[in-house]
Amino acid sequence: MTAKKVVKIDSGILQYIPKGAFYEGTDEQFSRVRQMWNDLFTHDRLLFCLTSLLNGSGFSKGAMSHILLRNPITGKEVLPPGLAFGYESDVIMYNLKKERVPRALKNLLMLTGTEGFRPINNARTRKIILEYIFNRSTDELDSLTINFKSKLKTLVRHALGKQNVFKILNGDTKLFMKWIGRYNKDVLPVFFHLFDRQPTTSGQSTYYKKIEQYWKLRTAAQNQDVAMFRLLMKGMPQRTVIGFRNTYKVPIELSEIYEQAKTSTKEKIQLESAAKRSGAKVKVNYKNQELYDLWKVFYYKLINNDTENIDKIKQAITDQYSKTDRIDIGECVVIIDASKSMVGSDQRPLHPFLTSLCLVTSLDNVKDVFYVGGKLIKVGAEDDHNVLIPANGTALWRGLIKAVKTGVENIVIISDGYENEVKGMFEHTYNYFKNNAHKINILHLNPVFSADAKTGTVRRLAADIDPMPLTNYKYLETELIFKRMINHSASVKKLLIQKYQKLLGGHQ
Amino acid sequence: MKTIFEKLNFTGLEIGRVQSVDEMTVVPILGGDRGNIAAPENVKFQKTTNYGTMVFENKDEFNPAIIPTNIMARGRGAQDHAMSGSAIVLKKSSGTFRNACCIEQSQGGYLNGAEEEDILPIALRKKLLSQKLRNQCSYNKLWEDIRVWLKGLHLTYSSAHLRYFYDEPNVKEALENFSAEFEPVAGQIGALIMFSGVPVGIEIMPSSKHWEHHWKLLIRGCYGAEMLRLKLLKKLQPSALVLPDIPDNSTPDQVMDILEDFSLHLRKEVLPILEAIDVKSRKIIARDTSVSMNTSLVRTTSGGGGDLITQNNVPVYVSLVL
């Protein structure tokens with residue numbers, strides 16, 4: 001008899017983001033995460049699937065969906081109450097729809113063999129690809145097609161096969177209705193457009209204004225008709241317009257394109273400074289940005305003494321804060337390490353500190369927040385903005401004493417774990433309180449995760465405080481669940497089924 | 001009694017909160033900016049034009065630049081180099097220094113920019129306190145000392161390649177980890193560095209911006225490297241720092257008082273250390289009259305020393321190994 005394999009997993013299976021060499025099969029970290037995915041899948045397929053409902057990186061979820069889709073369902077599995085037979089597909093589709101479109105498409109492209117994954121093509125993958133693309137409103141599809149033409153083309157060809165694509169393009173309507181028309185019978189122009197055929201009859205394109213505009217823009221670019229190009233580029237995706245401008249050498253300024261062409265709200269915030277450098281005036285809608293991005297732009301602007309739109313950004317942060325789902329771990333106080341090292345690496349400046357700010361907003365029932373280190377800077381013509389930036393050494397013991405004084409048991413510390421005023425003083429203080437009948441329960445969240453850190457591992461502050469690595473504030477709930485994943489499988493499974501029912505509607 | 005800073009005519013300096021990790025202690029020196037010195041981002045190592053010749057460029061429009069003492073430049077496929085001392089480069093110009101040292105014995109090729117920069121470790125810096133050696137235009141003048149410095153570290157090869165040490169994966173990781181332990185603080189322009197309570201270096205830059213730019217090269221490449229080497233050779237005394245006892249049943253306020261007292265005590269202890277460092281000699285070795293800057297070679301009674309730079313007779317930079 002062989003001993004049962006001990007499953008060792010951590011939340012890295014949901015937080016993993018490949019960078020550079022990670023795409024290579026030999027990469028150690030990728031192999032380790034891949035091993036964890038496979039271990040959890042073998043340990044409990046249901047748990048594996050439902051886990052992907054938790055917050056995590058798009059890449060990890062794509063990889064997990066890939067594992068689910070490449071392993072057929074036997075139909076013999078006994079499902080616990082609350083789950084329907086097709087729950088896996090429901091979860092995969094839910095995750096795809098929750099992702100931003102570019103990431104969702106990348107995850108689907110994993111099925112074609114990208115990002116180091118094996119290509120898979122079966123009835124389930126076909127259904128998921130075609131349903132994701134075509135089961136949407138005409139307007140949505142119009143805009144999706146314009147923005148992601150070549151990716152969609154690859155996916156559709158993968159799902160249907162070259163032969164079927166050829167037949168549909170050559171008028172096999174029966175086949176078209178069987179695979180695609182079932183979701184939307186009016187999508188033939190989209191299909192033609194994807195395969196670089198201009199929809200021929202004028203009647204067909206009436207539903208798809210952007211597709212029509214795309215073809216006209218292309219013609220204008222080919223004919224070097226600058227006036228028409230200028231007219232038609234309004235509202236078209238920036239990438240498409242720049243692509244046509246560069247390919248057909250259309251003599252038009254880049255700054256004009258930045259101003260007139262369309263970008264997503266996420267792209268807009270990313271391109272804000274590039275557009276500004278080109279002399280363009282770009283209006284960014286901060287309202288729909290993510291909390292992390294808002295904090296990031298807030299800090300970058302103030303550090304660079306740029307106070308334009310600062311009040312709008314502040315308001316957007318407040319709005320996002322009120323919308324955030326918060327996690328209640330009981331009444332708690334938070335200590336934020338604002339020492340110099342929390343400024344992060346050159347590659348991701350301020351990341352640990354910004355993550356800390358977002359983490360505080362993810363917690364409910366916070367009685368008080370204490371900052372350790374940091375420096376207040378005044379920005380603006382009349383020094384009207386006060387901002388705390390990471391600075392100075394680390395004396396977490398000071399924060400700990402202040403936290404203990406509040407009498408609150410749960411103390412959350414957000415720190416990279418480096419301590420220098422002086423090293424060991426935190427543990428010394430913590431041990432004193434622990435051994436002197438002070439009831440304290442410390443949760444150490446460490447935003448400087450080993451996958452990001454040049455220097456290796458996640459630091460701990462005391463021998464008996466396990467740090468919880470968190471590179472993204474959205475993963476807090478995930479981390480808390482993972483801590484109990486293997487040893488309390490049954491209760492975690494119950495919790496995840498409840499989550500499934502809440503998110504996807506359940507079967508009682 | 002006067003501190004070493006007062007003996008060198010530095011004014012307006014304060015001691016910051018002591019940072020101590022394992023055997024190394026960094027005492028931040030706080031103070032205002034001094035002199036009119038080129039911003040550090042405007043100064044960079046450009047190339048080597050011959051073995052033993054380093055060229056630096058100062059793009060600053062208005063001010064002369066200070067090249068920190070014994071800075072080294074490393075790059076692949078070329079002979080790594082280090083400066084024999086500090087240097088001054090006038091505004092909007094390049095400075096060529098022909099008394100630099102090759103620090104990679106059997107590697108040919110000239111550097112074009114640096115992939116990595118650091119400051120030479122303490123023991124090698126001490127060798128270059130000899131004015132004769134320092135002024136000597138002989139590219140191989142440090143090879144024997146490098147070989148001795150590397151001895152006993154069980155590196156793969158025995159030639160005088162300082163890079164063998166810095167590139168060794170465990171050393172590299174240890175140095176990165178180590179430098180991450182310390183943090184520059186607001187208003188910091190320098191530091192007193194100690195190993196197990198014994199002072200080993202004093203560094204003061206013209207401004208906190210200069211310190212922020214160079215501190216890692218000093219903490220990692222110079223002091224961290226030396227400390228790691230001594231640890232590997234088992235020649236370093238363990239840290240003598242003992243954390244204060246906290247009596248049972250102390251209230252959080254009492255705990256705060258005890259630990260704050262301890263923190264203050266650590267700062268107070270620094271003063272006699274600074275007073276005990278004495279200047280044995282001080283000799284001007286270079287004058288840049290056009291910018292009213294002088295470089296002096298300072299020797300201390302403990303056998304250490306280093307460069308002191310003044311501008312209009314006001315000290316703006318010092319780097320001493322003790």
Side-chain angles (χ1 to χ4, degrees), chain A residues 337-346 352 372-377 388-408 416-438 440 448 450 453-457 459, chain B residues 16-28 30 169-170 172-188 191 194 208 211-212 215-216 219-220 239-260 262-267:
Chain A
D337 179 354
S339 67
K340 184 74 182 180
S341 62
M342 292 294 280
V343 85
S345 63
D346 290 345
V372 170
K375 185 175 77 172
L376 266 182
I377 56 166
L388 184 82
I389 57 162
N392 296 321
T394 316
L396 287 166
W397 56 271
R398 281 197 184 92
L400 179 63
I401 297 172
K402 287 178 188 166
V404 170
K405 273 176 75 175
T406 63
V408 176
D416 60 6
Y418 285 92
E419 187 199 16
N420 50 33
E421 285 185 9
V422 295
K423 192 181 181 183
M425 193 90 125
F426 174 85
E427 189 163 20
H428 185 63
T429 316
Y430 163 71
N431 285 338
Y432 166 77
F433 287 127
K434 197 180 64 178
N435 299 330
N436 278 270
H438 285 273
I440 49 172
V448 183
S450 57
K454 279 181 182 173
T455 49
T457 54
R459 282 275 177 133
Chain B
R17 280 179 180 153
V18 175
Q19 297 184 6
S20 182
V21 175
D22 303 331
E23 291 83 1
M24 186 141 127
T25 299
V26 174
V27 183
L30 317 177
N170 292 330
K172 201 169 184 162
E173 195 187 338
L175 290 178
E176 280 298 335
N177 276 329
F178 187 69
S179 60
E181 302 271 12
F182 297 94
E183 295 161 302
V185 305
Q188 183 172 4
M194 298 193 281
S208 51
W211 178 255
E212 280 225 16
W215 76 276
K216 222 169 184 178
I219 298 300
R220 180 186 61 198
S239 170
L241 191 69
V242 179
L243 297 176
D245 277 337
I246 307 172
D248 285 349
N249 304 319
S250 302
T251 63
D253 280 331
Q254 287 166 332
V255 177
M256 184 71 96
D257 289 343
I258 293 165
L259 299 186
E260 289 291 7
F262 172 74
S263 185
L264 194 66
H265 173 72
L266 287 180
R267 286 162 83 175

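The structure displayed is predicted, hence computed values, not measured ones.
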Working to the nearest 0.5 angstrom, can you tell me the gap between A/Y432 OH and B/L259 CG?
10.5 Å
Between A/H428, A/E419, A/M425, which has the largest tally of heavy atom pairs under 4.5 Å with chain B?
A/H428
Does A/N431 have more than 12 heavy atoms from other residues, nucleotides or ligands lying within 6.0 Å of its CG?
yes
For chain A, the option from B/T25, B/L241, B/D253 that forms the most heavy-atom pairs under 4.5 Å:
B/D253
Separation of A/I401 CD1 from B/T251 OG1 (nearest 0.5 Å):
10.0 Å
Minimum heavy-atom separation for A/R398 to B/E260, with atom names?
NE-OE2, 2.7 Å
Rounding to 0.5 Å, atoms CH2 (B/W215) and NZ (A/K340) come to a distance of 9.0 Å
Flag the one option from A/K402, A/K405, A/K375 with the top tally of heavy-atom pairs under 4.5 Å to chain B.
A/K405
Residue list, ring pair (Phe, Tyr, Trp, His ring centres under 6.0 Å) with B/H265, at least two apart or on another chain
none
Between NZ on residue A/K423 and CG on residue B/L243, distance to nearest 0.5 Å
12.0 Å
Indicate yes or no: at least one non-hydrogen side-chain atom of B/R17 is less than 4.5 angstrom from one of A/N392.
no
Interatomic distance, A/N420 atom CG to B/M24 atom CE [nearest 0.5 angstrom]:
11.0 Å
Which bit of B/I258 is near chain A, if near means a heavy-atom gap under 4.5 Å: side chain, backbone, both or neither?
neither
Checking the side chain of A/N436 only, and the main-chain atoms of B/N249 only, is there a donor and an acceptor separated by less than 3.5 Å?
yes
Scanning both residues in full, the closest heavy-atom pair of A/G393 with B/Q19 reads CA-NE2, 3.7 Å
Shortest non-hydrogen separation from B/S250 to A/H438 and the atoms involved:
O-NE2, 4.3 Å
Could you tell me which portion of B/E212 (side chain, backbone, both or neither) has an atom closer than 4.5 angstrom to a non-hydrogen atom of chain A?
side chain
Establish, from distance only, whether the side-chain atoms of B/E183 and A/T394 form a donor-acceptor pair under 3.5 Å.
yes
